[in-house]
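Here is the structure we will look at.
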Amino acid sequence: MRKSTMKLAMCGMAAALTVVLMLFEGLVSVASIAIPAMAGCLLIPVVAHGGLGYAGGTYGAAGVLCLLLAPDREAVLIYLLFFGYYPALFALLSKIKNRVLQWGAKLALFNAAAIAEGLLAVYVLGIPLEQFPLLQGWGPAVLLLLANGVFVVYEFALKSVIGWYYQRLYHRMGRYF
């Protein structure tokens, strides 16, 4: 088989596994952030062997299928607005030499996605604010601050997973691509 065919097959498998994970999130609704984060990690091999073009196509296909099939719309929003593309963007953002600028760009991207997700969840999906007494007053700022802490932990975990992939699996899978 040609290498481009193998890359395309890998993209299809990654997109299909993403949809399966997002469907599974409908059964276990307590993991509405963890499942999209894990689904986004399926882009790591695609970026490593196919590049950002293949990763963008995989993200797009998985995103459309998740919109059509996944039952939890908020989890789909979380996937589409941040976790779905961030592992691919991680490679670009990690090339910024200045650590302060690098972290500033990453945090700005995350905060923009988090605020967009919150606004879309309330105004498009129709989640009533009255259900969440914590979202009155300083609640949104506190939640955003806590979410930034979770993002920092996710960032270090993603860096470890990518390092593990390159150390353990990259050369084994590389012979196919």
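Atoms considered below: every heavy atom in the structure, side chains included; atoms not considered: hydrogens, waters and symmetry mates.
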With a 6.0 Å cut-off on ring centres, are Tyr86 and Phe151 close enough? yes

Given Met22, which of Leu17, Val76, Asp72, Leu69 fulfils the side-chain contact (heavy atoms from CB on, under 4.5 Å) condition? Val76

Residue pairs passing the side chain to side chain donor-acceptor pair (under 3.5 Å) test with at least one member in residues 164-174, sequence neighbours excluded, are His49-Tyr165

Within one Ile-Leu-Val-Met-Phe-Trp-Tyr cluster: Leu68 and Leu27, side-chain cutoff 4.5 Å: no

Taking all heavy atoms of Met10 and all of Val46, pick out the closest pair and write down the distance. CE-CA, 3.7 Å

Determine, step by step, whether Leu8 and Thr5 satisfy the side chain to side chain contact (heavy atoms under 4.5 Å, CB included) criterion, reporting the C-alpha distance in whole Å, the side-chain angles of both residues, the deciding distance to 0.1 Å, and the verdict. CA-CA 5 Å; Leu8 194 58; Thr5 305; 5.7 Å; no

Would you say the side chain of Leu81 lies within less than 4.5 Å of the side chain of Leu120, judging by non-hydrogen atoms? yes

Can you get from Leu67 to Leu43 by hopping between Ile, Leu, Val, Met, Phe, Trp and Tyr side chains that sit under 4.5 Å apart? yes

Compare every heavy atom of Ala39 with every heavy atom of Thr18, then report the nearest pair and how far apart it is. OG1-O, 3.7 Å

Please tell me if the side chains of Ile44 and Val161 come closer than 4.5 Å, counting only heavy atoms from C-beta onward. yes

Answer whether the closest heavy-atom distance between the side chains of Cys41 and Leu158 falls below 4.5 Å. yes

Tell me the closest heavy-atom pair linking Ala105 and Leu93, and the distance in Å. CB-CD2, 4.1 Å

Same apolar cluster: Val100 and Val152, side chain cutoff 4.5 Å: no

Do Thr58 and Leu42 touch side chain to side chain, with heavy atoms closer than 4.5 Å? no

Heavy-atom pair with the smallest gap, counting every atom of Leu144 and Ala114: CD1-CB, 3.9 Å

Does Leu169 reach the side chain of Pro45, with side-chain heavy atoms less than 4.5 Å apart? no

Do Phe82 and Val150 belong to the same hydrophobic cluster, where Ile, Leu, Val, Met, Phe, Trp and Tyr are linked whenever their side-chain heavy atoms lie under 4.5 Å apart, directly or via other members? no

Does the separation of the ring centres of Phe83 and Tyr154 fall below 6.0 angstrom? yes

Give a yes or no on whether Leu109 and Ile78 share a hydrophobic cluster (residues Ile, Leu, Val, Met, Phe, Trp, Tyr; joining criterion: side-chain heavy atoms under 4.5 Å apart). yes

Within the structure provided, determine whether Phe90 and Lys106 are in side-chain contact (heavy-atom separation under 4.5 Å). yes

Side-chain contact, heavy-atom cut-off 4.5 Å: Tyr79 with Tyr85? no

Taking side chain to side chain donor-acceptor pair (under 3.5 Å) as the cut-off, I'd like each qualifying pair that reaches into residues 90-102, sequence neighbours left out, listed once. Arg99-Gln102

